[in-house]
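Report on the following structure.
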Amino acid sequence: MLFSILAVQETVAEVDGTVETLAKVVSAVTEAVPQSGGAAHLILLLTVFVLAVFLGIEIITKIPPTLHTPLMSGSNAISGITLVGAVLATGADNGPWATILGFSAIVFATMNVVGGFVVTNRMLAMFRTKK
Amino acid sequence: MLFSILAVQETVAEVDGTVETLAKVVSAVTEAVPQSGGAAHLILLLTVFVLAVFLGIEIITKIPPTLHTPLMSGSNAISGITLVGAVLATGADNGPWATILGFSAIVFATMNVVGGFVVTNRMLAMFRTKK
Amino acid sequence: MSPDLIDLSYLLAASLFIIGLKGLTKPRTAVRGNLLSALAMLIAVAATLRHQDIVGVTGLLIAVGIGSFVGTILALKIEMTAMPQLVALFNGLGGGASVLVAGAYLAGKEFSARVASGACFTDVLTATAASGLIGAVTLSGSLVAFAKLQELKFVKDVSFPGQKLLNLFLAVGAIGLGWMLVTQPEHAQAWYWVMACVATGLGILLVISIGGADMPVVIALLNSYSGLAASATGFVLNNNLLIIAGALVGASGLILTRIMCKAMNRSLGAVLFGTMQSGGTSLSDEEVYTSVRSTSADEVAMMLEVSQNVLIVPGYGMAVAQAQHAVRDLTNLLLNRDVDVQFGIHPVAGRMPGHMNVLLAEADIDYERLKEMDEVNSTMDQVDVAIVLGANDVVNPLARTDPNSPIAGMPIIDVDKARTVIVIKRSLSPGFAGIANPLFAADNTLMLFGDGKKAITEITKAFDDA
Amino acid sequence: MSPDLIDLSYLLAASLFIIGLKGLTKPRTAVRGNLLSALAMLIAVAATLRHQDIVGVTGLLIAVGIGSFVGTILALKIEMTAMPQLVALFNGLGGGASVLVAGAYLAGKEFSARVASGACFTDVLTATAASGLIGAVTLSGSLVAFAKLQELKFVKDVSFPGQKLLNLFLAVGAIGLGWMLVTQPEHAQAWYWVMACVATGLGILLVISIGGADMPVVIALLNSYSGLAASATGFVLNNNLLIIAGALVGASGLILTRIMCKAMNRSLGAVLFGTMQSGGTSLSDEEVYTSVRSTSADEVAMMLEVSQNVLIVPGYGMAVAQAQHAVRDLTNLLLNRDVDVQFGIHPVAGRMPGHMNVLLAEADIDYERLKEMDEVNSTMDQVDVAIVLGANDVVNPLARTDPNSPIAGMPIIDVDKARTVIVIKRSLSPGFAGIANPLFAADNTLMLFGDGKKAITEITKAFDDA
Ligand SMILES: NC(=O)c1ccc[n+]([C@@H]2O[C@H](COP(=O)([O-])OP(=O)(O)OC[C@H]3O[C@@H](n4cnc5c(N)ncnc54)[C@H](OP(=O)(O)O)[C@@H]3O)[C@@H](O)[C@H]2O)c1
Ligand SMILES: NC(=O)c1ccc[n+]([C@@H]2O[C@H](COP(=O)([O-])OP(=O)(O)OC[C@H]3O[C@@H](n4cnc5c(N)ncnc54)[C@H](OP(=O)(O)O)[C@@H]3O)[C@@H](O)[C@H]2O)c1
């Protein structure tokens, strides 16, 4: 919310500069996107986080001890999801330093992801029942 | 997103009317609240919904048959959460017709909620172990 | 209270609902779980009242007061045996609230301002229509279910040719009206109420042709719908809490429906369209009941005296006879005399899932004595006397033997494999599925005709005297 | 691809992660579950590549190619016994990626534009700092854990007075630097890298003093942290998928940590601060090992011939000896001769949870023969011969009898209650906990000294010849 208001304030201030305009724009934005602002949005993300934690606990506690090693390597592979962040950080036209950092981040994250899934698969394939 | 842009467009159009202003304001809003707009926001809500459904399935399948009747009345009580919606609809200064509708909605929803929790409690209290 | 604080309270409430439901996974924590859910609701409502837009709190509190009062009275006065009806009634009220909330939104000033501004907000309108439609079906469907379970005279099983076609027509009509509402927001109110009426009719017609004993499935399904309606309302009001709570309820209803259908070995479609496989080659009563032997309470008492393992299988008849307290007395007496007593609970015995458990728990019978079907079946050969108390379909061996019977394939409690079976019921009339039961004529079966409560009391007395 | 479609793909990917994890709850569905998770990752990356801002896809693909190649090689070449190290290594790489991503964000143009505009965005900065801090601790901590597990020479257990104080100091320092980053965004990069260095030092110092066998706990905990780091990154980038996946991993790591600590009967604090209760009144080796009797492979083979129920309890020594295939051969031979063979798997046998299961599954032993601790303990009195193969702490009866022993209260597999116990290990030297084991001197115990694989092979041979 804060961002949008500030940004709109600035832009409009350049254009017109009168206090009334500002007030009108701000109230229009406030009404139109009542829930999409900074803090409210953050709480929405927080809600997603909390739900995912609850869900994780429910599912993980159901996984039998037999599969705990694959679980460890598998969830480790999932934590390589930062790969998405790495791609976003590298892909944007962001200057050489950011690109180098992003490139290395991608290499690291892909090793984590691909290696993790492959080794988990290797382990799990052993668990197929032999009957 | 769409709403905010439209609303901002209108307000600013009143004030200034030039095409440049519109473009600037729109791009400012777009940049400032990149993810909070209509569709993106809807997807966020949808995410919350999906997670909650997954979580519900995990938890409910763990509830033993012994407690299925209390589960039915208890989850029925929870579905009375529309009470919150009813309060929001009634409380705002919305004219007599809306208020009457809202008032009846509250009465219905509270019966559902309070009655549901009380009767569930009555049933569950019987299940305390007797040892 | 700032909007953010309200949002945080909603998040807290949602978490408490989840923790509360988790509590229901164990009898030991169930009471606390339910209280947590209630607390969550309180927090949610209190936070909402602090909303800046809320005016006229007095009116709100009056409404809440009325609702709480009536709800509490109903909840405290109701007989445990009438639980299915009560849940149906409450469910209907919830659906009604949904209809009214969506209606109030359309009648409100915020909505007219939005329409006047010409902004397009299809998503909100869609959710409003959905919440009204689902709510109306839930309302009328639940009320019909209530009337049927309460055995109100004026509700009859109605079925006529072309009923399914009419239902389809109404469903399509209601959805079409919802669509009109979305596309013509300036006439939203008119479209809305016409749609609500059509949906109400649909709810009535859908449920009126379904047999009384299938009502629990219908209620669970409608409960699931009312959860989805709450979620839809959450999308309208941009409210996380409604979305989460609604989704939890939706999942719960769906899973209960599936469990019941599975335990009855019927498809959901068969329940909803009121079809029972017609019992093609099933035998007539005369053929089945050639060698029925009846017994007396005294004789049963004597048999119990020389038994070591007794299994009691309760059914809907126990609920009708309100025999649970009498059963408790008999159980305690037997336990005192070192006779082991177990209860075999079929998942769809009675008229709602877990129905028997609630009744027996009401009579203070330790829930550790209540065994699930699979468990008792695996030890059935060690049972000396199995007492079938007002159960019928759930112990009908035809389910195993006659592939053409309407209950073919439904898993049953195999009491016919116990050494002796005592069946307590008032007559040879059939149970819910309407078919004869060869168990009553089996060699190891003795019938004890009479009201369940009276029969058990007599057995207890005879046993005590001996 | 429009942003909304990308968001929807992310939602799909998140759902697939959840369904994939659910698959891991059963061995039968586990392979499919893992493939679904991998598919989810693929969808996520593919969707991200379609993002409008992404330029220079070639570079990205090169990086992905390098990473995939190295990762696959590592994953395929590794010995199953080296699994703990590998997980530690991968985990460190994930942490490193977090550090670099946050660094790249701070070095990027979007960030400088934002700083220049003077807008305040504390939340994003906080999340960036958190993701960098957690990532750096994970990186260095995991690498030290890797080195210890791999028994690299240059890593020694380091502990010195005041170490805890130094750790505390570093932790506070890193958080303080993160705080500076948030308050002075114009110098964000400088603060960030200093913070990352301090956090790296903290990670090293935290882990270097922890004993090698506690590493799995550390790895699980660090894995949980790396999940939380991913969630934090998700808050930075306003990305649902990162938040959800990170939360799932965070929960998984925490639960595994708790399970391990519980099975070892130690608190998490005790593990992290490298403290083992010192074995106060524990007996010396001489006192304990007064009457140790040893045996030969031939003698063991003879005993097995007259047995009906054999229980094999593997431990870390089986992993060291790589004896799993030899065990499989012996098992098949015994089964052919109608001797029933079960495996008793202690939750912390070996060096990571489920370690023994993976090794035995690798050797093609049906997982239905692997029983959990409680199950085998309840039938221990029917076991004729219990073979303890390279296990020590997990069968040490002191845990039950000596309240002052460092493993007091840890649940163990009660092999001492079997009729005969054969312990296969190379010497009388202690296991991870460093204490003597009275089991070796018990009346019904016979020691078979030697390497695990060799010993089992000899027994198999002797049995086959007989
Ligand atoms: N539990 C659920 O969730 C659920 C849901 C949907 C459908 N259903 C259906 O409901 C049925 C439940 O099976 P059930 O075996 O429990 O019941 P049932 O098959 O309906 O049989 C009940 C029996 O109780 C006897 N009875 C009635 N009043 C009695 C009294 N006062 N004293 C003694 N006996 C009395 C009746 O015989 P008399 O008239 O001769 O006494 C009747 O045969 C199943 O077919 C199931 O599919 C259950
Ligand atoms: N699994 C986990 O997740 C986990 C996590 C953290 C800590 N831990 C700890 O690790 C320990 C695991 O217990 P454990 O009983 O499996 O192992 P242990 O107590 O560490 O004992 C392993 C034994 O294997 C023997 N051994 C080593 N190499 C061998 C070979 N080549 N052939 C035959 N024997 C060999 C050793 O005796 P010799 O040297 O005499 O041969 C040693 O006594 C517990 O204390 C547990 O708390 C486990």
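A, B, ... follow the sequence lines: proteins, then strands. Residue 1 opens every chain.
The contact between C:L74 and chain B is made entirely by side chain atoms (from C-beta outward), counting heavy-atom distances below 4.5 Å. Using a 4.5 Å cut-off between heavy atoms, B:V113 contacts chain C through its side chain alone, with no backbone atom that close. The contact between B:A77 and chain C is made entirely by backbone atoms, counting heavy-atom distances below 4.5 Å. Of the atoms belonging to C:S37, heavy atoms from both backbone and side chain fall under 4.5 Å from chain B. B:L51 does not touch chain C: none of its heavy atoms, backbone or side chain, sits under 4.5 Å away. If you measure heavy-atom distances from C:I73 to chain B, you find no contacts under 4.5 Å at all. Looking at C:F111, there are no atoms closer than 4.5 Å to chain B (heavy atoms on both sides), in backbone or side chain. At a 4.5 Å heavy-atom cutoff, the contact between C:L228 and chain B is made by side-chain atoms alone. For chain B, no part of C:L106 is nearby; none of its heavy atoms comes within less than 4.5 Å. For C:I345, no part lies under 4.5 angstrom from a heavy atom of chain B. For C:P353, the parts lying near chain B are the backbone and the side chain together; criterion is any non-hydrogen pair under 4.5 Å. No part of C:L89 comes within reach of chain B, as not one of its non-hydrogen atoms sits under 4.5 angstrom from that chain. The contact between C:L24 and chain B is made by backbone and side chain atoms together, counting heavy-atom distances below 4.5 Å. For C:K77, the part lying under 4.5 angstrom from a heavy atom of chain B is the backbone only. Proximity to chain C (any heavy atom under 4.5 Å) is shown, for B:I78, by both the backbone and the side chain.
Rounded to the nearest 0.5 angstrom, C:K22 NZ and B:L55 CG are separated by 8.5 Å. The distance from the CD atom of C:E372 to the OG1 atom of B:T66 is 6.0 Å, given to the nearest 0.5 Å. Rounding to the nearest 0.5 Å places CE of B:M72 at 8.0 Å from CG of C:N91.
When side chains are defined from C-beta on, C:P347 does not count as touching B:P65, because their heavy atoms never get closer than 4.5 Å. The closest side-chain heavy-atom distance from C:L100 to B:F103 is not below 4.5 Å. C:I66 has its side chain out of reach of B:M111: every pair of non-hydrogen atoms, C-beta onward, lies at least 4.5 Å apart. Between B:L46 and C:F235 there is a side-chain heavy-atom pair separated by less than 4.5 Å. In this structure, C:L248 and B:S75 have side chains that are not in contact, with every pair of non-hydrogen atoms separated by 4.5 Å or more. In this structure the side chain of B:L88 never reaches within 4.5 angstrom of the side chain of C:Y105, judged on heavy atoms. Side-chain contact check for B:I81 versus C:F17: some heavy-atom pair is nearer than 4.5 Å. Within the 4.5 Å cutoff, the side chain of B:P70 has no heavy atoms near those of the C:N34 side chain.
Options C:G354, C:A13, C:A229, C:A363 differ in how many heavy-atom pairs under 4.5 Å they form with chain B, and the most are formed by C:G354. The candidate with the highest count of non-hydrogen atom pairs below 4.5 Å against chain B, out of C:I78, C:L86, C:I259, is C:I78. Comparing C:G227, C:A38, C:A30 by how many heavy-atom pairs each has under 4.5 Å with chain B, the most go to C:A38.
No donor-acceptor contact under 3.5 angstrom links the side chains of B:T69 and C:N357, judged on distance only.
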